[in-house]
Amino acid sequence: MLPNILNKIIIFALKIKTILDSYRHKGLRNQLVEELRLKGISNLEVLEAIRRVPRHLFLDNAFGEWAYKDNAFPIDCEQTISQPYTVAMQTSLLNIEPKNKIMEVGLGSGYQACVLHEMGAKVYSIERHKHLHDKTAKRIHEIGYGLIRTFFGDGFEGLPRFAPFDRILVTAAAPENVMKLIDQLVVGGIMVVPIGKNNDQIMYRISKLEDGKIKKETFGHYKFVPMLPGTA
Ligand code: SAH
């Protein structure tokens, strides 16, 4: 009986320890926000969302110390957590309005999904790696982001059952044929997607206009892991 209770107390204490967001981490996060501002991110809501999300809880322990550097880092299944600047840039380009329903393709670590949640959006995020999906779904739930809905599946298919979306964000390097996701966008909706091969993609903002036309704008070069078909 007693060891059982002790066990529970120890597990609880360990959980609190991982959830803990220390003053040191908050300080490092303030520095990161300042760095992003200096690099040209001017959307205050995006900066505040980044200030709130404890990025150190999205990295494996080995990289925890560097969580607030403006770098991408490896996560499970040979994938990466995006660089904060890229997260800030993609989030800014989405022009999010309160309560927007957003589909993210590429849940990965879940960090970007949490930033979208902090922007007041209803987030639906898809991941093609089962292991990564399950691990991330559990983690974001544990650290208080249980309202984000995660899906294991192929992002090329989108989420027809939950469409249409106000915004779509692709966080992996997509080929041109990802354009069919636009069908799952509301009229007046926006999709932000890096398109291109290998080590060089162009960031696109694609708007679905009232008259059914599509407007495309480009925003420079980025480097993402590839968007791959099927599940793993
Ligand atoms: N948004 C993530 C970035 C992860 S990297 C974060 O903040 O950490 C891109 C992710 O897209 C990887 O986890 C990769 O497995 C996933 N991905 C690639 N192709 C996909 C597809 N067709 N459907 C869903 N996810 C995909």
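Just so we're clear, the structure is a prediction, and the values are computed from it rather than from any experiment. When a ligand or atom number is given, it counts from 1 through the structure's own listing order.
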Seminar exercise, completed: In this structure, CZ of Phe162 is separated from NZ of Lys122 (nearest 0.5 Å) by 12.5 Å

Identify the closest protein heavy atom to [atom]: which residue and atom is it, and at what distance?
| atom | answer |
| --- | --- |
| atom 19 (N) of ligand 1 | Leu228 N, 3.0 Å |
| atom 11 (O) of ligand 1 | Gly106 CA, 3.1 Å |
| atom 15 (O) of ligand 1 | Glu127 OE2, 2.6 Å |
| atom 4 (C) of ligand 1 | Thr80 O, 3.0 Å |
| atom 9 (C) of ligand 1 | Thr171 O, 3.3 Å |

Problem set entry | Salt bridge present between Lys99 and Asp166 (N-O < 4.0 angstrom) | no

Of all the atoms in ligand 1, which lie at a distance below 4.0 Å from a heavy atom belonging to [X]?
| X | answer |
| --- | --- |
| Phe156 | 22 (N) |
| Ser109 | 6 (C), 7 (O), 8 (O) |
| Ile126 | 24 (C), 25 (N) |
| Val225 | 5 (S), 9 (C) |
| His129 | 15 (O) |
| Leu107 | 1 (N), 2 (C), 6 (C), 8 (O) |
| Gln112 | 1 (N), 7 (O) |
| Tyr111 | 7 (O) |

Can you tell which part of [X] has a heavy atom less than 4.0 Å from ligand 1: side chain, backbone, both or neither?
| X | value |
| --- | --- |
| Gln79 | side chain |
| Ile75 | neither |
| Arg128 | both |
| Pro226 | backbone |

For this session: Before giving the answer on side chain to side chain donor-acceptor pair (under 3.5 Å), spell out for Gln83 and Asn71 the whole-Å C-alpha distance, their side-chain angles and the decisive distance to 0.1 Å.
Result: CA-CA 5 Å; Gln83 183 183 347; Asn71 285 332; 5.4 Å; no

Exercise. Taking the six-membered ring for Trp, are Tyr68 and His25 parallel (under 30°), tilted (30 to 60°) or perpendicular (over 60°)?
Worked result: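 Rings of Tyr68 and His25: tilted, as their planes differ by 30° to 60°.
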
For this session: Please state whether the rings of Phe151 and Tyr124 are parallel, tilted or perpendicular, taking 30° and 60° as the class boundaries.
Result: parallel

For this session: Check the pair Asp200 / Lys223 against salt bridge (Lys or Arg N to Asp or Glu O under 4.0 Å), numbers first and verdict last.
Result: CA-CA 5 Å; Asp200 184 29; Lys223 200 172 139 190; over 6 Å; no

Please check if atom [atom1] in [X] has more than 12 non-hydrogen atoms from other residues, nucleotides or ligands closer than 6.0 Å.
| X | atom1 | answer |
| --- | --- | --- |
| Glu45 | CD | no |
| Leu44 | CG | no |
| Lys39 | NZ | yes |

Exercise. Under the 3.5 angstrom rule, does the side chain of Arg205 hit a backbone N or O of Leu93 as a donor-acceptor pair?
Worked result: yes

Exercise. Do you know the tightest heavy-atom contact between Ile102 and Phe165?
Worked result: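 Looks like C-CD2, 3.9 Å.
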
Exercise. Applying a strict 4.0 Å limit to heavy atoms, is Val87 in contact with ligand 1?
Worked result: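 Val87: no contact with ligand 1 (<4.0 Å).
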
For this session: Look at ligand 1 and say whether Gly153 reaches it with a heavy atom at a distance under 4.0 Å.
Result: yes

Problem set entry | Side-chain heavy atoms of Val170 within contact of Glu104, under 4.5 Å |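 No, side chains not in contact.
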
Problem set entry | Distance-only N or O hit between ligand 1 and Gly155, under 3.5 Å | yes

For this session: Would you check whether Ile81 has a nitrogen or oxygen atom less than 3.5 angstrom from a nitrogen or oxygen atom of ligand 1?
Result: no

Problem set entry | Distance-only polar pair, side chains of Glu127 and Thr231, donor-acceptor under 3.5 Å |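 Checked: Glu127/Thr231 side chains show no N/O donor-acceptor pair below 3.5 Å.
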
